[in-house]
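I have placed the structure first, in the form of structure tokens, so that the comments after it can refer back to it.
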Amino acid sequence: MTATTTAPPVPALEIRGLVAEYRTRRRLGGRGRTVQAVAGVDLTLAQGHTLGLVGETGCGKSTLGRTLVRLVRPAAGSVHAEGIDVAGAKGVRLRQLHRTVQLVFQDPYASLNPRMSVRALLAEPLKVHGLHVRRREERIRELLDLVGLDPAHAGRYPYQFSGGQRQRLGIARALAVEPRILVLDEPVSALDVSVQAGVINLLDDLQRDLGLSYLFIAHDLSVVRQISDEVAVMYLGRIVEHGPAEQLYDHPAHPYTQALLSAVPVPDPRVERARKRIVLTGDVPSPLSPPSGCRFRTRCWKATDRCAAVAPPAVDLGGGHTAACHYPALADTPAGNGA
């Protein structure tokens, strides 16, 4: 009797060596220059899980997210969404990709046409993909109910909703084509804290009920911790630390992660007073001319000549936790101590 082996499930997202570039505008008498916004990123998102992607403004998070939905073409590397080659998809496969992966933008008001009613906004993707032709009105009501909005308000326009409600509309529009992966680009950064909690709870419920996979892009580490199974920390186009959320937050290993977490307030006043804040000196280098070796070395208190000469590989710290640093040190607390 021969034993049968079950093939491992296909990852929701598989990113290998991804490079994304922009060309700057030509100046008078000069040439445009190439900016490498994403510089060789490797990431995997498991089915039904949430991967949080964090980092400072301008580190390449949004560019990476837009690459996954083909708004930006990769210059090198590969991206697969449930086995679909994102860069090479054409015809039927491209249409399948656009149904598999949907993007929720940071600014819901800017991403929703103010001249279209909610009904028209939700019907548009259904028409493009030829979905629910005979029961389109019913599907629109289902979508509004799914995100916690009153289906009776389908005739209203985006300006007649609050910021949190508009973000729910953006999520409903993304869900219209029944995707399996959502790329959430700073989906709660423009919302009040109380409203943020409602949207995060909604995303949790949708993931549980619909089996969705999320790439959750944000700069607020406290928000990312609430929703993520794994977290990847990005700096100047590269992933500097990656691992299970609890392990990364409780024992950050990369100096950059330690500095970011030291700035996150702790609700216990005694713990907050005892913590040591790590203040980074200097500015983020220009992506037009990133530092040699480790890109973080110009702001790092551990930097040596080795850091300037050699880019650090990702060091395996156990349990799926990695850090791209020549001198990783697991901090005992989220604040880190610079030791």
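Given the structure is predicted, the values throughout are model-derived calculations rather than measurements.
Taking the ring-ring contact (aromatic ring centres under 6.0 Å, His included) definition, one finds that F216 meets it with nothing, sequence neighbours left out. Contacts of R115 classified as salt bridge (charged side-chain N to carboxylate O under 4.0 Å, His left out), with partners at least two apart in sequence or in another chain: none. With sequence neighbours excluded, the residues forming a side chain to side chain donor-acceptor pair (under 3.5 Å) with E230 are H242, listed by chain and number. Judged as a side chain to side chain donor-acceptor pair (under 3.5 Å), and not counting sequence neighbours, Q196 has no contacts.
In this structure, a donor-acceptor pair under 3.5 Å is absent between the side chains of E178 and H129. Side chain to side chain, Q165 and Q160 fail the donor-acceptor criterion of an N or O pair below 3.5 Å. There is no side-chain donor-acceptor pair under 3.5 Å between R297 and T304.
Residues in residues 146-171 take part in no salt bridge (charged side-chain N to carboxylate O under 4.0 Å, His left out) pair, two or more places apart or across chains. For residues 251-261, the set of pairs meeting the salt bridge (charged side-chain N to carboxylate O under 4.0 Å, His left out) definition, not counting sequence neighbours, is empty.
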Check against side chain to side chain donor-acceptor pair (under 3.5 Å), H49 and Q207: CA-CA 8 Å; H49 284 224; Q207 185 173 53; over 6 Å; no

Verdict with supporting geometry, I171 and L203, side-chain contact (heavy atoms from CB on, under 4.5 Å): CA-CA 9 Å; I171 294 170; L203 292 172; 3.9 Å; yes

Full working for side-chain contact (heavy atoms from CB on, under 4.5 Å) between M234 and L64: CA-CA 10 Å; M234 197 170 189; L64 191 152; 4.2 Å; yes

Full working for side-chain contact (heavy atoms from CB on, under 4.5 Å) between V284 and L236: CA-CA 8 Å; V284 179; L236 213 61; 3.9 Å; yes

Check against salt bridge (Lys or Arg N to Asp or Glu O under 4.0 Å), K127 and E124: CA-CA 5 Å; K127 292 176 182 177; E124 187 177 45; over 6 Å; no

Derivation of the side-chain contact (heavy atoms from CB on, under 4.5 Å) call for R99 and L131: CA-CA 11 Å; R99 285 195 59 184; L131 299 173; 3.5 Å; yes

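Taking 4.5 Å as the limit, every side-chain heavy atom of L260 sits out of range of all side-chain heavy atoms of I278. A heavy-atom distance below 4.5 Å is found between the side chains of L261 and Y249.
Between I15 and the choices L68, L45, T44, the side-chain contact (heavy atoms from CB on, under 4.5 Å) rule is met once, by L68. The side-chain contact (heavy atoms from CB on, under 4.5 Å) test with L53 singles out one residue from V233, V231, V224, I239, and that residue is I239.
Taking the six-membered ring where the residue is Trp, H254 and Y256 present perpendicular rings, their angle passing 60° and hence far from 30°.
Nearest approach of R23 to T34, heavy atoms of both residues: NH1-OG1, 2.8 Å.
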